[in-house]
Amino acid sequence: MKKSLIIIVSLILTALNINSYGDLSERQIEQAKSSAKTSTEITLEESSKMSLGSAFIKVIYVAELMCFAEIGRKSLVKPLTV
């Protein structure tokens, strides 16, 4: 029961964390606008490095979620099969 509660709470916190990614404060929006007005250019190589880095972080995040889900499934199924 305790393990199930921990898994449920962690899944709820993860869902809330995913939903909060799109929230930007006014200060962050203003900083983005000011940086967009500068003459600094991002090359294709820098852009590809940024996108690969963010994709890699997302893959790790999904792998962690799958691991937690598998641990939860095993802990829930094991008492039923014993």
Side-chain angles (χ1 to χ4, degrees):
M1 180 66 182
K2 186 177 180 181
K3 291 180 183 179
S4 301
L5 182 64
I6 292 171
I7 292 169
I8 291 171
V9 169
S10 64
L11 287 175
I12 290 171
L13 291 176
T14 302
L16 291 174
N17 191 17
I18 290 171
N19 290 334
S20 68
Y21 283 144
D23 296 338
L24 296 174
S25 67
E26 290 294 325
R27 186 177 62 89
Q28 290 173 326
I29 293 172
E30 291 301 320
Q31 285 178 346
K33 286 180 184 177
S34 65
S35 67
K37 292 178 184 177
T38 61
S39 61
T40 307
E41 293 184 13
I42 297 175
T43 62
L44 181 61
E45 183 180 333
E46 291 174 353
S47 176
S48 64
K49 285 181 184 177
M50 287 182 213
S51 62
L52 287 175
S54 66
F56 185 67
I57 289 172
K58 289 177 185 175
V59 168
I60 291 173
Y61 187 70
V62 169
E64 288 176 348
L65 288 177
M66 290 175 64
C67 178
F68 291 139
E70 184 66 19
I71 291 170
R73 183 191 66 80
K74 284 183 180 179
S75 68
L76 292 175
V77 171
K78 188 176 180 180
L80 298 176
T81 59
V82 174

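Keep in mind the model is a prediction, meaning the values are calculated, not measured.
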Student: Would you mind listing the cluster partners of Phe68? Hydrophobic ones only (ILVMFWY), side-chain contacts under 4.5 Å, chaining allowed.
Tutor: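 None; Phe68 is a cluster of one.
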Student: State which residues pass side-chain contact (heavy atoms from CB on, under 4.5 Å) with Val9; sequence neighbours excluded, sorted by chain then number.
Tutor: Leu5, Leu13
Student: Can you list the residues that meet the side-chain contact (heavy atoms from CB on, under 4.5 Å) rule with Ile57, with sequence neighbours excluded?
Tutor: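 Applying side-chain contact (heavy atoms from CB on, under 4.5 Å) to Ile57 gives none.
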Student: Taking atom CD1 of Ile60 and atom CZ of Phe56, what is their separation to the nearest 0.5 Å?
Tutor: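 Atom-to-atom, Ile60:CD1 and Phe56:CZ are 3.5 Å apart.
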Student: According to the salt bridge (charged side-chain N to carboxylate O under 4.0 Å, His left out) rule, which pairs have a member within residues 59-71, sequence neighbours left out?
Tutor: Glu70-Arg73
Student: Under 4.5 Å between side-chain heavy atoms, chaining through other members, with only Ile, Leu, Val, Met, Phe, Trp and Tyr counted: pull out the rest of the cluster around Val62, sorted by chain and number.
Tutor: Met66
